[in-house]
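Remarks on the structure that follows.
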Amino acid sequence: MEESRNDENIIKIECTHFKYLVSVVIAQLCTSRQNLISHPQFIQLASLLSEFLSHADYREIRKWEDENGYSWKKFRPYLQVAYFPYHAKRSVQARGSDPLYGNLQMMCIETGIFSLQLLMSVEKERKMMAEQGLLDYILCLPSVLPKNSSAQQRAKDLVAMLGKEMHLQPPS
């Protein structure tokens, strides 16, 4: 009987990890400059991302990744998703000022920040991020996001988390 409970936990964590990977792909597609997502898909995709973000805990996913030997080496795709509003003017103009797209955009940004929280929770990956000269981008992230938004709060939490683990200096 105990064994079946463990199997259920493994399935739950693997399902969460799968949802995480799917969410990252959705966020990357939605923030692409190539307008890969059509209007009817905005609501469905925003709903999927919102559902994932409301229930996921990056520490749970990180634990599963550590147990299964996952190691990330590239961080720019996650930064690009988190910084989407900063380079999105062309894309947003092409889609108009559709509020559905705005909601999807914010869900994508939060997914990018969630990914960065996951990645920055491991010392080895924090060091690689520093070696790649990308920590300044994380430090500046809250300032480019809409004020008082949940995305900005997630970005502030990420900076605070990094501040506890590393000696951070403001960019010069």
Side-chain angles (χ1 to χ4, degrees), residues 16-37 45-46 49-50 52-53 56-95 101-172:
T16 301
H17 191 260
F18 177 75
K19 287 179 183 178
Y20 163 66
L21 295 173
V22 167
S23 295
V24 169
V25 169
I26 289 170
Q28 288 175 339
L29 289 172
C30 292
T31 57
S32 166
R33 293 181 182 178
Q34 297 174 340
N35 294 335
L36 299 172
I37 306 300
L45 295 175
L49 293 177
S50 178
F52 169 75
L53 289 167
D57 181 348
Y58 72 88
R59 291 170 288 247
E60 209 176 278
I61 295 170
R62 182 79 250 176
K63 181 180 175 193
W64 186 89
E65 286 185 346
D66 289 344
E67 290 170 357
N68 290 281
Y70 276 73
S71 179
W72 302 97
K73 302 210 184 305
K74 301 210 180 212
F75 306 101
R76 284 202 170 146
Y78 306 102
L79 278 170
Q80 288 172 335
V81 170
Y83 266 92
F84 180 65
Y86 192 72
H87 64 75
K89 290 180 184 171
R90 247 186 292 147
S91 204
V92 171
Q93 287 170 350
R95 293 176 176 146
Y101 178 69
N103 186 39
L104 175 60
Q105 179 186 16
M106 290 310 296
M107 293 293 104
C108 292
I109 292 164
E110 287 191 48
T111 301
I113 296 168
F114 180 92
S115 298
L116 291 169
Q117 287 175 313
L118 173 68
L119 295 167
M120 295 298 97
S121 66
V122 176
E123 182 180 1
K124 179 177 85 172
E125 290 171 357
R126 286 191 301 269
K127 285 181 180 177
M128 283 193 301
M129 188 88 151
E131 289 167 4
Q132 293 175 25
L134 300 174
L135 288 180
D136 288 351
Y137 291 97
I138 290 178
L139 289 173
C140 295
L141 184 58
S143 67
V144 300
L145 296 171
K147 295 206 181 310
N148 302 318
S149 66
S150 57
Q152 185 186 47
Q153 186 56 53
R154 274 188 191 269
K156 287 179 179 180
D157 293 345
L158 173 61
V159 170
M161 179 184 85
L162 276 176
K164 289 178 185 175
E165 302 295 331
M166 305 178 82
H167 178 67
L168 299 176
Q169 298 281 333
S172 52

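Since the structure is predicted, the reported quantities are computational estimates derived from the model, not experimental observations.
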Practice task
Output, in order, the C-alpha distance, side-chain angles, deciding distance and verdict of side chain to side chain contact (heavy atoms under 4.5 Å, CB included) for Glu65 and Val122.
Solution key: CA-CA 11 Å; Glu65 286 185 346; Val122 176; over 6 Å; no
Handout entry: CA sep, side-chain torsions, deciding dist, call: Val25, Leu29, side chain to side chain contact (heavy atoms under 4.5 Å, CB included)
Key = CA-CA 6 Å; Val25 169; Leu29 289 172; 4.1 Å; yes
Practice task
Applying side chain to side chain contact (heavy atoms under 4.5 Å, CB included), run through Asp136 and Leu139 and close with a yes or a no.
Solution key: CA-CA 5 Å; Asp136 288 351; Leu139 289 173; 4.2 Å; yes
Exercise for the section: List the steps and the verdict of side chain to side chain contact (heavy atoms under 4.5 Å, CB included) for Leu162 and Leu135. Expected result: CA-CA 9 Å; Leu162 276 176; Leu135 288 180; 4.2 Å; yes
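The salt bridge (charged side-chain N to carboxylate O under 4.0 Å, His left out) analysis of residues 117-126, with sequence neighbours excluded, yields the pairs Arg62-Glu125, Glu123-Lys127, Arg126-Glu165. Sorted pairs that involve residues 139-148 and meet salt bridge (charged side-chain N to carboxylate O under 4.0 Å, His left out), not counting sequence neighbours, are lacking altogether.
Taking CG from Leu116 and OH from Tyr83, the interatomic distance works out to 9.5 Å, rounded to the nearest 0.5 Å. Ile61 CD1 to Phe114 CZ: the interatomic distance, rounded to the nearest 0.5 Å, is 4.0 Å. With values rounded to the nearest 0.5 angstrom, Thr16 atom OG1 is found 11.0 Å from Leu21 atom CG.
Residues Leu141 and Ala82 approach most closely at CD1-O, 3.6 Å, considering heavy atoms. Listed here is the closest heavy atom pair of Met161 and Ser121: CE-N, 4.0 Å. Considering all non-hydrogen atoms of both residues, Ala46 and Leu104 come closest at N-CD1, 3.5 Å. When all heavy atoms of Cys30 and Leu45 are compared, the pair lying nearest together is SG-CD1, 3.8 Å. Between Pro142 and Gln152, the closest heavy-atom pair is O-NE2, 3.1 Å.
Remark: Tyr20 OH is packed, more than 12 non-hydrogen atoms of other residues, nucleotides or ligands lying under 6.0 Å away.
When only modelled atom types and interatomic distance are considered, Asp157 and Gln153 share a side-chain donor-acceptor pair under 3.5 Å.
With contacts defined as side-chain heavy-atom distances shorter than 4.5 Å, the pair Ile113/Leu145 qualifies. Between Leu79 and Met129, the closest side-chain pair of non-hydrogen atoms falls below 4.5 Å. A heavy-atom distance below 4.5 Å is found between the side chains of Tyr78 and Leu119. Between Leu158 and Ile138 there is a side-chain heavy-atom pair separated by less than 4.5 Å. No side-chain heavy atom of Ser115 sits less than 4.5 Å from a side-chain heavy atom of Val81.
Ser50 is linked by a side-chain contact (heavy atoms from CB on, under 4.5 Å) to Met107, counting only residues two or more places apart in sequence or in another chain. Applying the side chain to side chain donor-acceptor pair (under 3.5 Å) test to Ser150 and every residue at least two apart in sequence or in another chain returns Glu110. Shown here are the salt bridge (Lys or Arg N to Asp or Glu O under 4.0 Å) partners of Asp57, two or more places apart in sequence or in another chain: Arg59. Tyr58 pairs by the ring pair (Phe, Tyr, Trp, His ring centres under 6.0 Å) definition with nothing, not counting sequence neighbours.
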